[in-house]
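Encoded as structure tokens, the structure appears first; notes follow it.
All values reported here derive from a predicted model rather than from experimental measurement. Hydrogens, waters and symmetry mates are skipped; everything else that's a heavy atom, side chains included, is used. Within every chain, numbering begins at 1; the chains are lettered A, B, ... in the order of the sequence lines, protein sequences first and strands thereafter.
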Amino acid sequence: MIYHQLALNVPLYPLLTYAYPTTLPAGTRVAVRFRNRLVAAIVWESDIQPEIDLSKIRPIENILSDGWQLPADWRALLSFTARYYHYPLGQAVMAALPKGLRQPKAVPLPKQEHIYSLNALGRIQPAPPARYHKQNALWQRLLAAPATLHQLKTIHTQASQYLKQWQQQNWIEASHIPACGSIPTSLHQLNQQQQQASAEVQTKCGQFAPFLLYGITGSGKTEVYFDIMANIMQQGKQVLFLLPEINLTPQLMQRVRQRFPHTVTTVLHSQTAAGQRTTNYLQAALGQAALVIGTRLAIFTPMPNLGLIVVDEEHDYSFKQESELRYQARDLAVWRARQAACPVVLGSATPSLESWYKTRHGDYQLLQLSERAHSNAQLPQIHLLDIRRLPLDNGISDIIKQKLQTNVARGGLSMVYLNRRGFAPALFCDACGHTFGCPNCSAKLVLHQHAGQLRCHHCDFHQPIPPSCPECGNQDLTAVGQGTQRIEEYLQHLLPSARILRVDRDSTAHRQDWSEIYHTIMRKEVDVLVGTQMLAKGHDFPHLNLVVVLNADNSLYSADFRAPERLFAELMQVSGRAGRADCTGEVWVQTRQPEHKVYQALAAQNYVTFATAELAERQELGMPPFSYMAAIRADAHTMHEAQQLLRQVQQGIEQQHALPANVNVFGPVPMLMARLAGYERAQVFLESKNRRDLHHSISLWQNWLLHLEKSNPHTRWLIDVDPLEM
DNA sequence: AGCACGCCGACT
DNA sequence: GTCGGCGTGCTC
Ligand SMILES: [Zn+2]
Ligand SMILES: [Zn+2]
């Protein structure tokens, strides 16, 4: 018997040993019995010396992927990912596979699509008589240009039958459809900066080279990506294009299809149906698709000819998975580019301070687009409106009211942005001061007027709006603050003739809603948009010329050291919506702290100044990117239990004096959101300037946690490397 | 994580 | 006497 190390979906750090009569190559998908259930597994290593009792080792039941293995570079990526994020390798491997490949069932490989063309003999044949009009149409189509079965089926569903006939006559030939296909020249003429950026990346083709493409909103980053992608794909290489889910819109896909009409493109995101995702994954893995577009999970797609990775909106937090395997796809993209020896382009109008810092140190090469791509498009004018002494009506000052009225009157499109859905963020008792909190979370319940409910935005708790205060019985309950619903209602009252549309998670609950909303806006059937982040990202409305930002100050009070960076990026993004194409835009930001660095940098529309100042502050405090961090978290029904496990580990390590001197430990402290979905959450931060020592310390903590978890059975724990949550 | 095993309270 | 509550421990 030959023994193999297998990756299975079990929460154990070591791999499991199974036997097979012959040596199976690493990367083979197999089915095995685990606890007497048939599950899928991936061969990680063959011909090993078992470290456990031979009697416990069971046989591999059968081999699932005949003739295809998960490639060595993919396995190296997962080994690295599991090690770096301190996550069980078996579970990491399974998280990187689409559902179809996690099942103990064989999956047929996608057949490479054929393209059919009439050969010389075929071309001199008479066309089928016109009375057989479907047959004739097929023939005419093939006469005009080669076509795929898929295309021919749109002419006649029985196309394959006739193709077979004609193939037997030796009139047509079938050939594999090329992954890349011909790429037509772009309709967009790149400006000088764009050309230069594209050229810089292309000179590094075939070698590891990380770039940060810093381009202001509207500077045409996408055209630059497309230009580089076209070049790389024409060399027969594959391109991986990552972007936040919210930006993966039908409009974006439309642009891709227009620019690369003959390129086999595959889309991978969490909304793709499971079966389709497996097919797409395999298409990329077999090199049949030249272009892979997807959200963070697409970083794990095997690509045999990877020639370029693009990460658009690289500052976006959605690249970090905040559960289970807590990977940062942007960072893994850089790792993969190094492994594949290819360029990687991270793009943003407000780069993450981590990436910006790396350009300062020459780790990443900086590419800048400082002009709007369309020379007639102006930057918006951003105004800060100090509301400390101004009367507000539903959170809106007179000046803003007038701005909105004027813009509606002259037929412009306005947007009122606030990052709070619902009617009001809190309900308050005037008599005793009682507020309604979520019983499961440390958060206030949000008033949803239309639904007649108080809802928690962090868990699924909800209750009917109470008629009176449960503390004192008072019936005068006041809705405090503004949510999008309330603003929508108020604006309808203020601007009775205006067509107002609210866009937030509540108004776009169904998949279709967004595209309907989008088209309504594009048909200019809306005067005022009210919405949250959804509205700020991913969609351009060329005729939008007034943006109003309400209640942004809330984020300034956060204890999270990344809050200013986040707010700045968010406000720059919202502001960038105003005045694209050929109309000048105006942005008005209501604030009580106009002197704050975030607002000052925003008004000046100066990312560089902001980043420089913010980095200086981070350096002073020894925060990332000037140090590396990891969070060890524990949760339990009581904060005491959660902190107890962490304290026990801390004491154990202290007694052994095992912690490297250059690793600092903070905590245990409650998380900023201390209670979530019924669990009290505590954490310890490990911080060091030395990555090796940090990781050594994490492993130390991990081993102690594995040892002490038995005596704390009600406490769960996890490790978050390079954490974003605080 | 599941899923068995096992040891005590409240049912027929 | 048994049914089932979940605390404990293992998984190749
Ligand atoms: Zn009260
Ligand atoms: Zn809650």
Out of C:dT11, C:dC12, B:dA1, whichever nucleotide has its closest atom nearest the side chain of A:K56: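 Ranking C:dT11, C:dC12, B:dA1 by closest atom to the A:K56 side chain puts C:dT11 first.
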Out of C:dC12, B:dA1, C:dG7, whichever nucleotide has its closest atom nearest the side chain of A:P11: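 Output: B:dA1.
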Atom pair distance, as rounded to whole Å: [atom1] in [X] and [atom2] in [N]:
X	N	atom1	atom2	value
A:H637	C:dG7	NE2	P	10 Å
A:L38	C:dT11	CG	P	19 Å
A:F34	B:dC3	CZ	C1'	10 Å
A:K710	C:dG7	NZ	C1'	15 Å
A:L12	C:dC10	CG	C1'	9 Å
A:I48	C:dC12	CD1	P	15 Å
A:R33	B:dC3	CZ	C1'	15 Å
A:N36	B:dC3	CG	C1'	11 Å

Main-chain N/O of A:D722 paired to A:Q328 side chain as donor or acceptor, under 3.5 Å: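 Here the side-chain-to-backbone pair does not exist.
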A:D53 side chain vs A:K56 backbone, donor-acceptor pair below 3.5 Å: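 Pair absent, no side-chain N/O of A:D53 close to backbone of A:K56.
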Any base atoms under 4.0 Å from [X], or only sugar-phosphate, or nothing? Heavy atoms, all strands.
X	result
A:P713	sugar-phosphate
A:I52	base
A:Y18	sugar-phosphate
A:H714	sugar-phosphate

Nearest atoms (heavy-atom pairs only) where A:Y13 meets A:P88: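 Heavy atoms only, the tightest pair is CE2-N, 3.7 Å.
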Parallel, tilted or perpendicular: ring planes of A:Y84 versus A:H695, cut at 30 and 60 degrees: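 Tilted, since the angle between the ring planes falls between 30° and 60°.
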Distance-only polar pair, side chains of A:E51 and A:T17, donor-acceptor under 3.5 Å: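 Judged by distance alone, the side chains do not pair up.
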